Amino acid sequence: ALERTLSIIKPDAVAKNVIGEIYTRFEKAGLKVVASKMKQLSKQEAEGFYAVHRERPFFNALVEFMISGPVMIQVLEGEGAVLKNRDLMGATNPKDAAPGTIRADFADSIDANAVHGSDSLENAAIEVAYFFPATDVYAR
Ligand code: CMP
């Protein structure tokens, strides 16, 4: 089915100047960028976005990392977009990421792991709405 998913290019990958290379991977896989913005997240925004992880031991490090520089946030649309994006990203820990995935090629560690992608269709809707009002998402 046609789906939308939220993708974030994290501060490490923005700093490495690989936004375009990552966008090319989305496009070559048939995913369309239907909304996008660069943003320096506030601590409050990052904490709210990752609220499901609030009790995890890595929560504070995750939030500090996500506010360490600007991120590139986009909505991707396409057939099976949620799983397709997760396949393109590879495993959360780059040490476990399959060759040719975004994390295998651009990530340095489980914290600085280049990209975030929604893990389910349900969370995708929540995450898209967290960053983009419906009027800023362009169906095409
Ligand atoms: P992300 O997909 O953005 O969702 C939560 C992030 O927490 C994850 O990517 C990792 O960058 C980070 N993280 C750090 N340690 C862990 C861990 N042990 N398990 C899962 N995520 C972790």
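All figures in this text were calculated on a predicted structure; none of them were measured in a lab. In each ligand, atom 1 is the first atom listed, and ligand 1 is the first ligand listed.
A tilted orientation is assigned to the rings of Tyr130 and Phe49, their planes being inclined by 30° to 60°.
Hydrophobic clustering (side-chain heavy atoms under 4.5 Å, transitive across Ile, Leu, Val, Met, Phe, Trp, Tyr) groups Val63 together with Phe58.
Closer than 4.0 angstrom to ligand 1 by heavy atom are Lys10, Tyr50, His53, Phe58, Leu62, Thr92, Arg103, Ile110, Asp111, Asn113, His116, sorted by chain and number.
Considering every non-hydrogen atom in both Ala104 and Ala98, the closest pair reads CB-O, 3.2 Å. The two residues Gly117 and Asn85 come nearest to each other via the heavy atoms CA-ND2, 3.5 Å.
Taking 4.5 Å as the limit, every side-chain heavy atom of Val75 sits out of range of all side-chain heavy atoms of Phe131.
To the nearest 0.5 Å, the span separating CG on Asp119 from CZ on Arg86 amounts to 5.0 Å.
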